[in-house]
Amino acid sequence: MEHTGLIGHPVSHSLSPVIHGYWLRMHGIEGDYTLHDIAPEALTTTLEHWRKKTPLRGVNVTVPHKQSVIPFMDRMDAAAQAIGAVNTIRIDNGEWHGTNTDAYGFMAHFNAEMPDYAKRLNHAVVLGAGGAARAAIHALKCESVERITILNRTYDTARTLAAEFDVEAAPMESAADILLTADMLTNTTSAGMKGNAPLLLPMASLPLHAVVYDIVYAPLVTPLLAEAHAYNLATVDGLGMLLYQAQKAFEYWWGVLPAVTPELRAAVVQTLEARA
Ligand code: ATR
């Protein structure tokens, strides 16, 4: 039996055991996926212990550890380096390899929902300038999107991130103008998540062909997506990003790319709804 899992703080809400458990069963792999709630002050001790004698094939890494685990990596791939965060670790003969499957998840789900749209994407607007924004911007840059604009509550943070990724930043006050030319609007902040107030945006500015993508998946239809529906805009929800980042992590550990099926999505939605 080989072990995988998730380290983060908190982790009890995670849907990843449902996803990985489904694929482990489907592929007949003798492995498991368990949750490890590790407080920031316990991270170093835990990882040093695991580095000496690891019981693991690999782990996913979530908030708040995605950057703190970097010093423990022997190697990091290009995605993890560009994003500046590790969300998946694989341990090969004692060597720790770090990758980041969030950008893959972001784009793979978008491409599955909106086939061929990414090729025609000229202007993408990204809301937020945190870790999730970094993954989304990296993904959009890999798709050669010509113009990417970061809109963030704190303009300075947007400007710093924009300089790092060589994209554009704009203050929230200019949102109405910026959205006029957007082919895609994507929310990478936690605004609109269950218990958080939604972002108020001038959605009427968006062209009719624009797609609105929210990475928040609880609730599945966020206030932003509901508003987009009211304007008859195409939408992409955040649950698929979770499924697709897991797909790539599963492949990283087990060498087989599992399928993201309607049945799996239904099982995850059922778990989400049971908790709502
Ligand atoms: P993560 O790493 O999960 O993306 P983060 O680093 O805390 O999380 O980044 C959160 C981002 O969402 C930030 O850009 C934050 O804006 P600020 O830079 O102004 O803090 C943005 N954000 C979070 N909650 C928000 C809200 N309610 N309204 C607007 N922006 C919000």
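Note that ligands are numbered from 1 as they come in the structure, with each ligand's atoms numbered from 1 the same way. Note that the numbering runs from 1 along the sequence shown for the chain.
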Please tabulate, for side-chain N and O atoms in residues 229-237, each donor-acceptor pair with protein atoms closer than 3.5 Å (sequence neighbours left out).
{"from": "His229", "atom 1": "ND1", "to": "Leu225", "atom 2": "O", "distance (Å)": "3.4"}
{"from": "His229", "atom 1": "NE2", "to": "Thr235", "atom 2": "OG1", "distance (Å)": "2.9"}
{"from": "Asp237", "atom 1": "OD1", "to": "Leu239", "atom 2": "N", "distance (Å)": "3.0"}
{"from": "Asp237", "atom 1": "OD1", "to": "Arg265", "atom 2": "NH1", "distance (Å)": "3.4"}
{"from": "Asp237", "atom 1": "OD2", "to": "Arg265", "atom 2": "NH2", "distance (Å)": "2.7"}

Using a 3.5 Å cut-off and no angle test, enumerate the donor-acceptor pairs between side-chain atoms of residues 141-148 and protein atoms at least two apart in sequence or in another chain.
{"from": "Lys141", "atom 1": "NZ", "to": "Phe165", "atom 2": "O", "distance (Å)": "2.5"}
{"from": "Arg147", "atom 1": "NE", "to": "Glu168", "atom 2": "OE1", "distance (Å)": "3.1"}
{"from": "Arg147", "atom 1": "NE", "to": "Glu168", "atom 2": "OE2", "distance (Å)": "3.3"}
{"from": "Arg147", "atom 1": "NH1", "to": "Thr181", "atom 2": "OG1", "distance (Å)": "3.4"}
{"from": "Arg147", "atom 1": "NH2", "to": "Glu168", "atom 2": "OE2", "distance (Å)": "2.9"}

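Applying the ring-ring contact (aromatic ring centres under 6.0 Å, His included) rule to His36 yields the partners Trp50; only residues at least two apart in sequence or on another chain are considered.
Using modelled atom types, one finds no donor on one side chain facing an acceptor on the other under 3.5 Å when comparing Glu113 with Tyr213. For the residue pair His209 and Asp183, a side-chain donor N or O sits within less than 3.5 Å of a side-chain acceptor on the partner.
Closer than 4.0 angstrom to ligand 1 lie heavy atoms from Gly128, Ala129, Gly130, Gly131, Ala132, Asn152, Arg153, Thr154, Thr157, Thr189, Ser190, Ala191, Leu199.
With respect to Arg51 and Asp74, a salt bridge is recorded, a charged nitrogen being found less than 4.0 Å from a carboxylate O.
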